[in-house]
Number of protein chains: 4
Amino acid sequence: MNNREEKRRDILIAAFKIFGRDGFYKAKVSDIAKEANVGKGTIYEYFESKENVFEEMVKFGIEQYLKKVTLLIYEEDDVIEKLKKYVLAEKEMMIEYGNIANIFFQEADKIGKEVREIVIKARNRKLSLIEDIVKEGIKKEIFKNIDAYLFSLAFIGGVHQFLVDEIRFFASNKKVYTIEDFINLFLNGIKK
Amino acid sequence: MNNREEKRRDILIAAFKIFGRDGFYKAKVSDIAKEANVGKGTIYEYFESKENVFEEMVKFGIEQYLKKVTLLIYEEDDVIEKLKKYVLAEKEMMIEYGNIANIFFQEADKIGKEVREIVIKARNRKLSLIEDIVKEGIKKEIFKNIDAYLFSLAFIGGVHQFLVDEIRFFASNKKVYTIEDFINLFLNGIKK
Amino acid sequence: MNNREEKRRDILIAAFKIFGRDGFYKAKVSDIAKEANVGKGTIYEYFESKENVFEEMVKFGIEQYLKKVTLLIYEEDDVIEKLKKYVLAEKEMMIEYGNIANIFFQEADKIGKEVREIVIKARNRKLSLIEDIVKEGIKKEIFKNIDAYLFSLAFIGGVHQFLVDEIRFFASNKKVYTIEDFINLFLNGIKK
Amino acid sequence: MNNREEKRRDILIAAFKIFGRDGFYKAKVSDIAKEANVGKGTIYEYFESKENVFEEMVKFGIEQYLKKVTLLIYEEDDVIEKLKKYVLAEKEMMIEYGNIANIFFQEADKIGKEVREIVIKARNRKLSLIEDIVKEGIKKEIFKNIDAYLFSLAFIGGVHQFLVDEIRFFASNKKVYTIEDFINLFLNGIKK
DNA sequence: TATGAATGAGTATTCATTCAT
DNA sequence: TATGAATGAATACTCATTCAT
């Protein structure tokens with residue numbers, strides 16, 4: 001088997017965990033090494049620098065994420081179900097990977113141009129996913145003829161906040177909302 | 001007269017700028033001192049540590065921000081206009097202070113419990129602002145009887161994404177949306 | 001008193017000792033700091049990098065050295081005495097500073113362009129010192145009309161080897177030569 | 001056939017080149033391996049350590065060098081021609097191997113006792129070569145009855161400086177000296 | 001025997017914090 | 001009270017050496 005590729009993957013998964021927990025600056029290369037069960041020097045056999053590990057981790061993570069979401073969405077026919085599946089996929093990612101997504105977007109900016117570009121491209125692919133669903137819904141005359149891009153912005157932002165609330169600020173005494181509750185807001189609007 | 005209070009304020013404003021530009025870890029205490037036109041040691045006459053400066057800056061920034069939004073909103077009578085004013089206030093903040101808000105939320109986590117609590121409290125106050133508008137709208141029978149908290153989550157998230165798109169990923173060839181366009185999505189929903 | 005200038009000097013003197021003992025690569029910045037009785041960080045308040053410390057030490061050492069030699073030579077009237085004084089000055093330097101001169105010339109090459117240029121310039125000033133003596137001797141009709149530059153090369157090289165032998169490879173059973181013995185070789189030649 | 005001996009030689013030749021270019025500390029074992037077209041691990045099949053490679057390279061280089069000089073000198077009958085041949089041999093070595101000789105002498109000190117001893121022994125053999133020529137010249141009544149050892153020091157040092165000037169600090173506008181010019185200084189002296 | 005992937009000891013450098021002035 | 005010179009803890013990265021294949 002391709003042992004080199006495997007070890008590279010191990011390091012990226014470890015980086016994913018450590019960067020996700022500590023952010024770029026607080027994370028120590030030696031911690032990533034420990035987590036990956038390799039020596040500190042080994043990291044540098046596979047990556048040029050801490051920055052480069054971050055960069056490749058972002059690429060790797062984004063790819064994993066987009067694959068997952070895309071798959072879930074394409075399994076569905078109904079556009080409303082597709083939107084629900086998107087929320088579900090995001091939820092799973094957030095549970096699994098903590099706030100890595102935030103770190104992608106937040107710290108990428110300061111780390112270097114290339115990371116920034118990767119992240120922007122990923123963001124656009126995510127927006128496109130929703131745009132496509134909306135366009136399909138418009139064509140199928142399920143949705144009004146609204147601007148698909150504008151909606152995707154609102155929706156993605158809304159979903160993020162909704163999930164952050166549920167997952168990260170969870171309090172036992174808080175009312176729990178279903179995905180339907182949430183989606184209905186976007187479907188029906190609030191104006192009487 | 002209150003020279004001490006004034007200098008503290010100067011430092012906080014400088015911290016706001018530097019942390020906003022560089023994030024917590026990349027920001028240097030000496031840069032904040034330079035920006036505030038004080039000596040490096042002076043910072044430590046007013047604050048216990050870099051973390052404490054960050055903490056106090058977050059409190060200060062949030063207070064400023066909430067004051068501004070609250071004021072704008074209470075100037076209006078019409079609930080829909082109030083929502084627009086919220087978007088406007090957020091937009092101004094984002095233009096003026098860059099992504100400081102993200103830094104609040106993102107890095108606060110790693111910096112310490114107290115900051116985290118401050119940020120959560122602020123987030124809740126922001127959500128309450130919207131909640132109150134929605135409840136008023138429901139009472140006035142302008143809005144449906146939806147869950148005000150759930151809406152505030154969706155709305156705040158959506159606004160954030162909308163503004164990030166406009167301000168940070170602005171591209172000359174991109175379609176420009178009005179705040180009305182955006183608000184209408186939430187008012188009318190997308191389902192036919 | 002100019003404390004800053006003083007401390008800079010202390011560091012350079014420490015660097016002189018440590019680089020002289022260990023060479024550029026083996027020398028540790030922390031050892032220079034210890035030798036200078038300052039903290040490691042202090043070095044970086046006065047110099048940009050280890051390279052820069054080396055560079056400045058070379059400048060400093062060369063200046064000291066040339067001052068000394070020049071002074072000794074100008075005290076004398078007789079050209080042959082001047083040559084002897086040069087040998088004496090070199091000898092004192094070699095005893096006092098070990099093989100720092102070799103390190104100047106040897107390692108300067110690898111460390112950076114600027115150091116290299118400083119060292120070359122110093123070498124030329126040293127050659128000029130001898131050249132001037134020779135030219136004076138020719139004018140005074142004490143010396144033959146030989147090429148002064150060529151002689152200075154031969155003389156400086158010869159002196160170096162002579163002193164290295166005496167100082168560094170000293171063995172108790174070895175015949176000891178006087179400076180006169182040595183100088184006479186150059187004065188009279190070896191051909192019958 | 002003697003493949004082992006051959007590969008050892010290849011490594012030493014590569015070491016000669018790399019150490020000559022970079023000096024002991026800057027030189028990387030991996031670069032020597034690459035230059036010798038062997039794996040990094042292979043170096044350690046033939047030598048105990050980087051230091052040992054250096055040590056053996058010094059021995060090897062010195063042996064090559066002394067063989068060459070000795071041969072050239074013994075081809076000649078005339079003592080003055082022998083001195084010229086020595087200069088020529090040194091010149092060729094300096095052109096071919098850069099400043100490896102300096103590195104021998106300079107860095108040997110820091111690397112270990114054994115290398116130091118090898119280098120000293122080699123230096124003495126070199127001095128002996130010249131000494132023997134001088135003694136021969138004295139016997140043949142071509143040279144004055146000077147101290148042969150003292151002369152060899154002066155001569156070897158002078159030659160080194162002369163060649164360094166010609167080869168390493170060569171400048172197109174500089175006067176070019178012949179070996180005769182140089183030798184004549186030593187033969188005739190400078191005193192009128 | 002030959003290899004190069006893996007390792008971790010070792011070191012330059014940064015920067016929050018202290019404290020003498 | 002205000003300062004900035006001095007400090008050393010902390011950490012990315014290099015490279016000689018080992019060892020499984």
Side-chain angles (χ1 to χ4, degrees), chain A residues 3-4 6-8 11 24-34 36-54, chain B residues 3-4 7 11 24-34 36-54, chain C residues 3-4 6-8 11 24-34 36-54, chain D residues 3-4 7 11 24-34 36-54:
Chain A
N3 202 268
R4 189 166 171 84
E6 225 168 74
K7 191 160 285 185
R8 195 187 130 95
I11 293 170
F24 181 76
Y25 292 102
K26 228 183 159 195
K28 283 184 261 173
V29 172
S30 63
D31 284 349
I32 295 174
K34 214 175 291 166
N37 286 315
V38 298
K40 193 156 37 92
T42 306
I43 304 275
Y44 290 90
E45 293 288 324
Y46 291 81
F47 303 93
E48 287 164 23
S49 62
K50 186 183 177 184
E51 260 93 3
N52 185 233
V53 176
F54 187 80
Chain B
N3 201 270
R4 189 165 172 85
K7 194 164 280 187
I11 294 170
F24 181 76
Y25 291 101
K26 237 183 154 195
K28 285 184 253 173
V29 172
S30 63
D31 283 351
I32 295 173
K34 212 177 290 164
N37 287 315
V38 298
K40 205 157 22 111
T42 306
I43 304 271
Y44 289 86
E45 295 293 325
Y46 291 83
F47 303 94
E48 285 164 26
S49 64
K50 186 185 180 184
E51 266 147 53
N52 184 233
V53 176
F54 187 81
Chain C
N3 202 269
R4 188 166 173 86
E6 225 168 73
K7 191 160 285 184
R8 195 188 131 95
I11 293 170
F24 180 75
Y25 292 102
K26 229 183 159 196
K28 283 184 259 171
V29 172
S30 64
D31 284 349
I32 296 174
K34 214 176 290 166
N37 286 314
V38 298
K40 196 154 35 89
T42 305
I43 304 275
Y44 290 88
E45 293 288 325
Y46 290 83
F47 303 94
E48 286 164 24
S49 62
K50 186 183 177 185
E51 262 93 2
N52 185 234
V53 177
F54 187 80
Chain D
N3 200 268
R4 188 164 172 85
K7 193 164 282 187
I11 293 170
F24 180 75
Y25 291 101
K26 235 183 155 194
K28 284 183 252 175
V29 172
S30 64
D31 284 350
I32 295 173
K34 213 177 288 164
N37 287 314
V38 299
K40 205 160 18 119
T42 306
I43 304 271
Y44 289 86
E45 295 292 326
Y46 291 82
F47 303 94
E48 285 163 26
S49 63
K50 185 185 180 183
E51 265 147 54
N52 184 234
V53 176
F54 188 80

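Proteins get letters first, then strands, A, B, ... in listed order; numbering begins at 1 in each.
- Geometrically, Lys7(C) does not engage Tyr46(C) in a cation-pi contact, judged by NZ or CZ lying under 6.0 Å from the ring centre and within 45° of the ring axis.
- Comparing dT17(E), dA16(F), dA2(F) by their closest approach to the side chain of Tyr44(B) singles out dT17(E).
- Nearer to the 5' terminus of DNA chain E, by closest-nucleotide assignment, is the contact made by Thr42(A) (compared with the other of Lys26(C) and Thr42(A)).
- Checking dA6(E), dT13(E), dT17(E) against the side-chain heavy atoms of Lys40(C) singles out dT13(E) as nearest.
- A donor-acceptor pair under 3.5 Å links the side-chain atoms of Lys50(B) to the main chain of Ala27(B), judged by distance alone.
- Atom CZ of Arg4(A) is separated from atom C1' of dA5(E) by 8 Å (rounded to the nearest Å).
- Shown here, dT21(E) forms a base pair with dA2(F); the pair counts as Watson-Crick or G-U wobble because both key distances fall under 3.5 Å.
- Atom P of nucleotide dA10(F) and atom CG of Asp31(A) are separated by 13 Å, given to the nearest angstrom.
- Within 4.0 Å of Ala36(A), counting heavy atoms only, lies no atom of the nucleic acid at all.
- Between the CG atom of Asn3(A) and the P atom of dG4(E) there is a distance of 16 Å, rounded to whole Å.
- Between the CD1 atom of Ile43(D) and the C1' atom of dT18(F) there is a distance of 15 Å, rounded to whole Å.
- Here Ala33(A) lies out of heavy-atom contact (under 4.0 Å) with every strand.
- Among the nucleotides dT17(F), dA6(F), dA12(E), the one closest to any side-chain atom of Tyr46(C) is dA6(F).
- Residue-environment remark: CD (Glu51(A)) exceeds the threshold of 12 foreign heavy atoms within 6.0 Å.
- Per the geometry, CZ belonging to Phe47(B) stands 12 Å off P belonging to dA2(F), to the nearest Å.
- Of the candidate nucleotides dC13(F), dT14(E), dA6(E), dC13(F) has the atom nearest to the side chain of Glu51(A).
- Nearest-nucleotide positions on DNA chain F for Gly41(A) and Asn37(B) put Asn37(B) closer to the 5' end.
- A cation-pi arrangement is not found for Lys26(C) relative to Tyr25(D), the charged atom failing to lie both closer than 6.0 Å to the ring centre and inside a 45° cone about the ring normal.
- In terms of position on DNA chain E, the residue among Ala27(B) and Gly39(A) whose nearest nucleotide sits closer to the 5' end is Gly39(A).
- When both pairing distances are held under 3.5 Å, dT11(E) makes a Watson-Crick or G-U pair with dA12(F).
- Put simply, CD on Glu45(A) is 14 Å from P on dC13(F), counting in whole angstrom units.
- Annotation for Glu45(A) and Arg4(A): closest pair O-NH2, 3.1 Å, computed over non-hydrogen atoms.
- Each of dT7(E), dA12(E), dA12(F) was ranked by its minimum atom distance to the side chain of Val29(A); first place goes to dA12(F).
- Nearest to the side chain of Lys7(A), among dA6(E), dA12(F), dC15(E), sits dA6(E).
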Dump the intermediate steps for side chain to side chain contact (heavy atoms under 4.5 Å, CB included) on Val29(D) and Val53(D), then the final yes or no.
CA-CA 9 Å; Val29(D) 172; Val53(D) 176; over 6 Å; no
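- Going from atom NZ of Lys34(D) over to atom P of dG4(E) covers 11 Å, rounded to whole Å.
- Put simply, NZ on Lys28(D) is 15 Å from P on dT17(F), counting in whole angstrom units.
- Residue Tyr25(A) is classed as having no contact, given no heavy-atom separation below 4.0 Å to the nucleic acid.
- Comparing Phe24(D) and Ser49(A) along DNA chain F, the residue whose closest nucleotide (by nearest heavy atom) sits nearer the 5' end is Ser49(A).
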